[in-house]
Amino acid sequence: QVQLVESGGGLVQAGDSLRLSCAASGRTFSTYAMGWFRQAPGKERDFVAAINRSGGSTYYADSVKGRFTISRDNAKNTVYLQMNNLKPEDTAVYYCAAKIAIALKTRSSEYNYWGQGTQVTVSS
């Protein structure tokens, strides 16, 4: 089992950048495929980005492609989401998720473990 703790959210202006971090407990972090999802008020939880367990493969939602970058440091048990050129529509609670798997996963139903979320608010 793994526990996930997100950090790095905050209130920023449109065009600014933020880097979210998700720290995982345990010594088997490198066996987990990781993902970032987000949920805006009144909306479903949407896929943002995913990375496979080695970090060699990534995938992004069209809405964030070219602006967001997912990465991981298996030595630090941490996955990151670098968010550049933020827009008001990026406002949401951001969650990281984990699943023991070789390949990356893009559907929330595929993930076993979730963090508590971190709020990102982008003002116009």
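Just the heavy atoms: all of them, side chains too, but no hydrogens, waters or symmetry mates, feed the values below. Everything quoted here is computed from the prediction, not taken from an experiment.
Using a 4.5 Å cut-off on side-chain heavy atoms (C-beta onward), S123 and Q13 make contact. Residues V79 and W36 meet the side-chain proximity criterion, which asks for heavy atoms closer than 4.5 Å. Taking 4.5 Å as the limit, every side-chain heavy atom of V12 sits out of range of all side-chain heavy atoms of M83. Side chains of I51 and L104 form no contact here, defined as non-hydrogen atoms less than 4.5 Å apart.
There is a path of hydrophobic side-chain contacts, each under 4.5 Å, that joins M34 to I100. V64 and Y94 fall within a single hydrophobic cluster, where Ile, Leu, Val, Met, Phe, Trp and Tyr side chains are chained together by heavy-atom contacts under 4.5 Å. Under the 4.5 Å side-chain heavy-atom criterion for Ile, Leu, Val, Met, Phe, Trp and Tyr, L18 and Y95 are members of distinct hydrophobic clusters. In terms of hydrophobic clustering, with Ile, Leu, Val, Met, Phe, Trp and Tyr side chains grouped at heavy-atom distances under 4.5 Å, V120 and L11 are assigned to different clusters. Under the 4.5 Å side-chain heavy-atom criterion for grouping Ile, Leu, Val, Met, Phe, Trp and Tyr, W114 is not connected to L20 through any hydrophobic cluster.
At most 12 heavy atoms of other shown residues, nucleotides or ligands fall within 6.0 angstrom of atom OH in Y59. Atom NZ of K65 has more than 12 neighbouring heavy atoms from other residues, nucleotides or ligands inside a 6.0 Å radius.
Between L4 and C22, the shortest heavy-atom contact is CB-SG, 3.8 Å. Closest approach of A40 to A92, counting heavy atoms only: N-CB, 3.8 Å. Here the shortest heavy-atom pairing between S21 and T78 reads CB-CG2, 4.2 Å.
The backbone N or O of V122 sits nowhere less than 3.5 Å from a side-chain atom of D16 that would complete a donor-acceptor pair. Side chain of E6 to backbone of Q116: a donor-acceptor contact under 3.5 angstrom is found.
Here E89 contributes atom CD and S124 contributes atom OG; the two are 10.0 Å apart, rounded to the nearest 0.5 Å. Note that CZ of R45 and OG of S109 are 12.0 Å apart. Values are rounded to the nearest 0.5 Å. Interatomic distance, OG of S30 versus CG of D73, reported as 11.5 Å (0.5 Å rounding). Atoms OH and CG, from Y32 and N74 in turn, are 12.5 Å apart once rounded to the nearest 0.5 Å. A distance of 12.5 Å separates CD1 of I70 from CD of Q82, quoted to the nearest 0.5 Å. Taken from CZ in F47 to CG in D62, the straight-line distance is 10.0 Å, to the nearest 0.5 Å.
Considering only residues two or more places apart in sequence or on other chains, R72 meets the salt bridge (charged side-chain N to carboxylate O under 4.0 Å, His left out) condition with none of them. Shown here are the side-chain hydrogen bond (donor to acceptor under 3.5 Å, both in side chains) partners of T121, two or more places apart in sequence or in another chain: Q119. For D90, the side-chain hydrogen bond (donor to acceptor under 3.5 Å, both in side chains) criterion is met by R38, R67, not counting sequence neighbours. Annotation: ring-ring contact (aromatic ring centres under 6.0 Å, His included) contacts of Y111 (sequence neighbours excluded): F37. For Q3, the side-chain hydrogen bond (donor to acceptor under 3.5 Å, both in side chains) criterion is met by no residue, not counting sequence neighbours. Remark: S17 engages N84 in a side-chain hydrogen bond (donor to acceptor under 3.5 Å, both in side chains) (not counting sequence neighbours).
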